[in-house]
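Presented below is the structure to which this report refers.
Values below: every heavy atom of this structure, side chains too, minus hydrogens, waters and symmetry copies. Within every chain, numbering begins at 1; the chains are lettered A, B, ... in the order of the sequence lines, protein sequences first and strands thereafter.
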Amino acid sequence: MDRVLLRRRGDAVAVHEADGTVTEVPADGLPALVRARAGVRWVWDDTTRWYPALLAAGVRVERCADLRLCAAVLRRSPYAGPDPAEDPGWAALEPVTAGDPALFDLADPADALDPVAEDRRQQAVLAASPQRARLGLLLAAESSGALAAAEMTHTGMPWRADVHDRLLTGLMGPRPAAGMRPPVLEELAGEVRAALGTPDLNPDSPAVLLRALQTAGLPVEDTRSWTLERFEHPVVAPLLEYKRLARLLAANGWSWLDTWARGGRFRPVYLPGGVVTGRWASSGGGALSVPVQVRPAAVADDGWCLVVADVAQLEPRVLAGMSGDTALADAARSADLYAGMVDAGVVATRAEAKVGVLGALYGGTRGESGRMVPRLARRYPRAIGLVEEAARAGERGAVVSTLLGRGSPAPGAAWAERDADLGEAPEPGGRDSDRARRAWGRFTRNFVVQGTGAEWALCWLADLRNRLWRLGEGRLGKGRLGDARLRDARLEERPHLAFFLHDEVVVHTPAGLADDVVAEVRAAAGTAGRLLFGTFPVDFPLDVAVVRSWADAG
DNA sequence: CCGCTTTGCGCC
DNA sequence: AAAGGGCGCAAAGCGG
């Protein structure tokens with residue numbers, strides 16, 4: 001496959017071919033060049049600096065290598081090892097977003113880096129890796145994720161502001177003037193003030209509210225809703241309702257609509273590789289926590305629908321695969337892994353199975369979770385052994401790795417942070433440091449599973465992205481649009497990814513292709529399983545729904 | 001006045 | 001009923 005590197009040269013772009021020849025095109029000629037060369041893997045410093053403009057010009061890229069993201073993976077990977085030859089500028093390079101001043105900055109730090117040398121270095125590191133196949137897959141998946149992320153920001157999630165507005169109005173009354181409370185919230189605030197005998201109380205202030213609650217005789221140390229729920233007092237009901245609505249107003253109210261859901265689309269900014277485990281982070285709009293409450297506003301365009309798919313119990317299935325635990329994989333043969341554990345007689349109830357598995361993944365030690373884990377360890381020694389070993393490694397300060405070779409950060413500054421998080425003064429005798437060590441062990445325990453789960457999801461997304469494109473190609477070519485339109489059919493005119501969150505995707509598709517999309521979503525999950533675990537028999541069943549509104553899924 | 005931290009809560 | 005991992009965000013609070 002051709003590997004062609006693009007490099008900015010003032011107003012032009014230098015095009016470096018695999019055979020070493022270099023040509024230059026003016027920047028505005030790039031979309032045509034990229035469109036003309038299907039099948040190329042485009043190598044560039046950072047997808048966020050190249051791809052949005054191509055998408056805006058109607059050009060979709062099939063493959064790329066994102067040197068920034070790949071450098072970050074290699075920097076920490078135990079399959080690569082530290083490379084003193086890396087220019088530290090790569091570690092300092094930040095992604096950019098539209099409207100970001102850095103985009104228009106003449107002194108973009110990316111331009112001081114040498115992508116040709118960096119690509120050569122990365123290829124050499126990969127070639128020397130003892131786990132070349134896995135690490136190569138991870139780099140490809142990470143880069144593909146960068147493409148998918150840019151595409152989803154470009155196309156956005158269909159979002160009906162009118163539906164969202166009706167929903168808000170129905171819950172809290174009409175939109176108030178800036179800085180005022182909506183009527184229902186004002187009313188609830190009044191009830192809270194009356195119940196506490198504090199006519200001037202601002203319920204938005206936790207400190208003030210806490211003092212008022214204590215003065216009213218409630219023995220609380222904080223104002224969290226699950227703390228309040230424990231008490232019978234006239235203030236509890238209106239206060240909980242106030243908090244629920246105030247939260248919705250602040251996080252996904254009218255100002256969120258104004259800012260993030262303009263033009264009929266919600267366009268979050270995804271940050272691939274933004275979490276140490278390899279999960280994506282997001283910036284702006286709170287894409288990682290779109291409350292169930294507002295999902296009715298995500299409605300497909302007329303004549304289109306949403307295909308919503310999520311993986312049931314991704315992490316325990318991934319654990320079965322990476323540990324080669326056939327007993328756990330047997331339980332995972334069931335569409336409900338927890339039910340599979342009950343059927344196998346490991347635990348008595350589904351609830352026990354769930355709490356036990358979560359305890360194993362997160363390091364739960366107390367309560368029912370702590371009691372369940374030893375039972376699971378007897379039945380699933382390889383799976384539990386893998387996470388226990390990851391925890392022990394973290395406790396002694398060692399680095400752990402995902403299946404494909406994403407390395408955990410070394411403990412160091414983070415240990416000090418963890419101590420600070422616990423909010424306790426250092427004690428002589430090492431109790432705090434033991435506590436920090438165990439906390440780090442819980443992190444590394446979870447890292448290997450969460451991180452490998454993120455790798456599965458990346459492979460799923462990458463394969464699905466290509467399948468959706470081809471699906472659009474075939475149907476548009478044969479069908480309604482005809483050959484002339486085919487070449488010009490943009491991403492947003494075909495079935496496309498609209499949203500992604502850890503283990504869930506939403507595809508926006510012409511209604512007539514929905515069944516094909518469902519098949520492709522399932523096929524892509526099969527691909528991801530084989531890419532990570534080969535022939536090891538672990539299933540990744542999906543819950544899939546074809547709906548008009550996101551709220552109708554699940 | 002700004003910018004950072006804390007609090008509380010949404011998601012997987 | 002809460003616990004155990006990972007996040008982002010808004011408002012309030014606070015220090016400079």
Begin from the C-alpha positions of Q313(A) and V357(A) and carry the test side chain to side chain contact (heavy atoms under 4.5 Å, CB included) through to its verdict.
CA-CA 10 Å; Q313(A) 303 128 2; V357(A) 166; over 6 Å; no

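- Within the nucleic acid shown, N252(A) has no heavy atom closer than 4.0 Å to any nucleic acid atom.
- Side chain of S549(A) to backbone of P296(A): a donor-acceptor contact under 3.5 angstrom is found.
- Rounding to whole angstrom units, CG of residue L358(A) and C1' of dA2(C) are separated by 12 Å.
- Note on G286(A): only backbone sugar-phosphate atoms sit closer than 4.0 angstrom, heavy atoms only; bases stay farther off.
- Closest heavy-atom contact between L328(A) and P316(A): CD2-O, 3.7 Å.
- Checked against salt bridge (Lys or Arg N to Asp or Glu O under 4.0 Å), R134(A) has no partners two or more places apart in sequence or in another chain.
- Residue R279(A) has no polar side-chain atom (N or O) positioned under 4.0 Å from OP1 or OP2 of dC7(C).
- The glycosidic torsion of dG4(C) lies within 90° of 0, which places this base in the syn conformation.
- Distance CZ (F447(A)) to P (dC7(C)): 10 Å, rounded to an integer number of Å.
- Of the residues in residues 368-382 of chain A, those placing a heavy atom less than 4.0 Å from an atom of DNA chain C are E368(A), S369(A), in numerical order.
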Taking Watson-Crick and G-U wobble contacts under 3.5 angstrom, with | marking pairs to another strand and [ ] crossing pairs, the secondary structure of DNA chain C is written ....||||||||||||

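- Spacing between atom CG of N446(A) and atom P of dG5(C) amounts to 8 Å, rounded to whole angstrom units.
- In this structure, L319(A) atom CG and dG5(C) atom C1' are separated by 14 Å, rounded to whole Å.
- At whole-Å resolution of the value, OH in Y270(A) and P in dC7(C) are 18 Å apart.
- Atom CZ of R262(A) sits in a sparse spot, with 12 or fewer heavy atoms from other residues, nucleotides or ligands closer than 6.0 Å.
- Aromatic ring pairs are classed by plane angle as parallel below 30°, tilted from 30° to 60° and perpendicular above 60°; the pair W159(A) and F266(A) is perpendicular.
- Taking a 6.0 Å sphere around CD of E229(A), one finds it holds more than 12 heavy atoms contributed by other residues, nucleotides or ligands.
- V355(A) comes within 4.0 angstrom of a nucleotide base, judged by non-hydrogen atoms across all strands.
- Contact annotation for R295(A): backbone-only contact, meaning every heavy-atom pair under 4.0 Å involves sugar-phosphate atoms and none involves a base.
- The aromatic ring centroids of F499(A) and W550(A) lie less than 6.0 Å from each other.
- Between L288(A) atom CG and dG8(C) atom C1' the separation is 7 Å, expressed in whole Å.
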Protein proximity profile, nucleotides 10-16 of chain C - base contact B, sugar-phosphate-only contact S, no contact -, cut-off 4.0 Å on heavy atoms
S-SS---

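- Salt-bridge annotation for E315(A) and R279(A): present, with a side-chain N of the basic residue lying under 4.0 Å from a carboxylate O of the acidic one.
- As rounded to the nearest Å, dA1(C) and dC9(B) have P atoms that lie 16 Å from one another.
- With respect to R175(A) and D258(A), a salt bridge is recorded, a charged nitrogen being found less than 4.0 Å from a carboxylate O.
- The span of DNA chain B lying next to chain A, judged by atoms under 4.0 Å from heavy atoms, is bounded 5' to 3' by dT7(B) to dC12(B).
- Residue-level contact check: W280(A) touches neither bases nor backbone, having no heavy atom under 4.0 Å from any strand.
- Along DNA chain C, the nucleotide nearest to T227(A) and the one nearest to E315(A) differ in position, and the one closer to the 5' end is contacted by T227(A).
- Salt bridge absent: E368(A) and R375(A) never bring a charged side-chain N and a carboxylate O closer than 4.0 Å.
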D204(A)/R181(A) under salt bridge (charged side-chain N to carboxylate O under 4.0 Å, His left out): CA gap, chis, key distance, verdict:
CA-CA 11 Å; D204(A) 294 323; R181(A) 286 194 181 90; 3.3 Å; yes

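- Going from atom CZ of R438(A) over to atom C1' of dG5(C) covers 16 Å, rounded to whole Å.
- As rounded to whole Å, 13 Å separates atom P of dG6(C) from atom CZ of R445(A).
- The main-chain N or O of L404(A) is found under 3.5 Å from a side-chain atom of E455(A) such that the two form a donor-acceptor pair.
- Between W460(A) and F500(A), a ring centre-to-centre spacing not shorter than 6.0 Å is recorded.
- The environment of CZ in R522(A) is crowded: more than 12 heavy-atom neighbours from other residues, nucleotides or ligands sit within 6.0 Å.
- Across residues 157-167 of chain A, not one residue has a non-hydrogen atom less than 4.0 Å from an atom of DNA chain C.
- Salt-bridge check for E388(A) with R445(A): passed, with a basic side-chain N closer than 4.0 Å to an acidic carboxylate O.
- Taking the charged nitrogens against the carboxylate oxygens, R392(A) and E389(A) have no contact shorter than 4.0 Å, which rules out a salt bridge.
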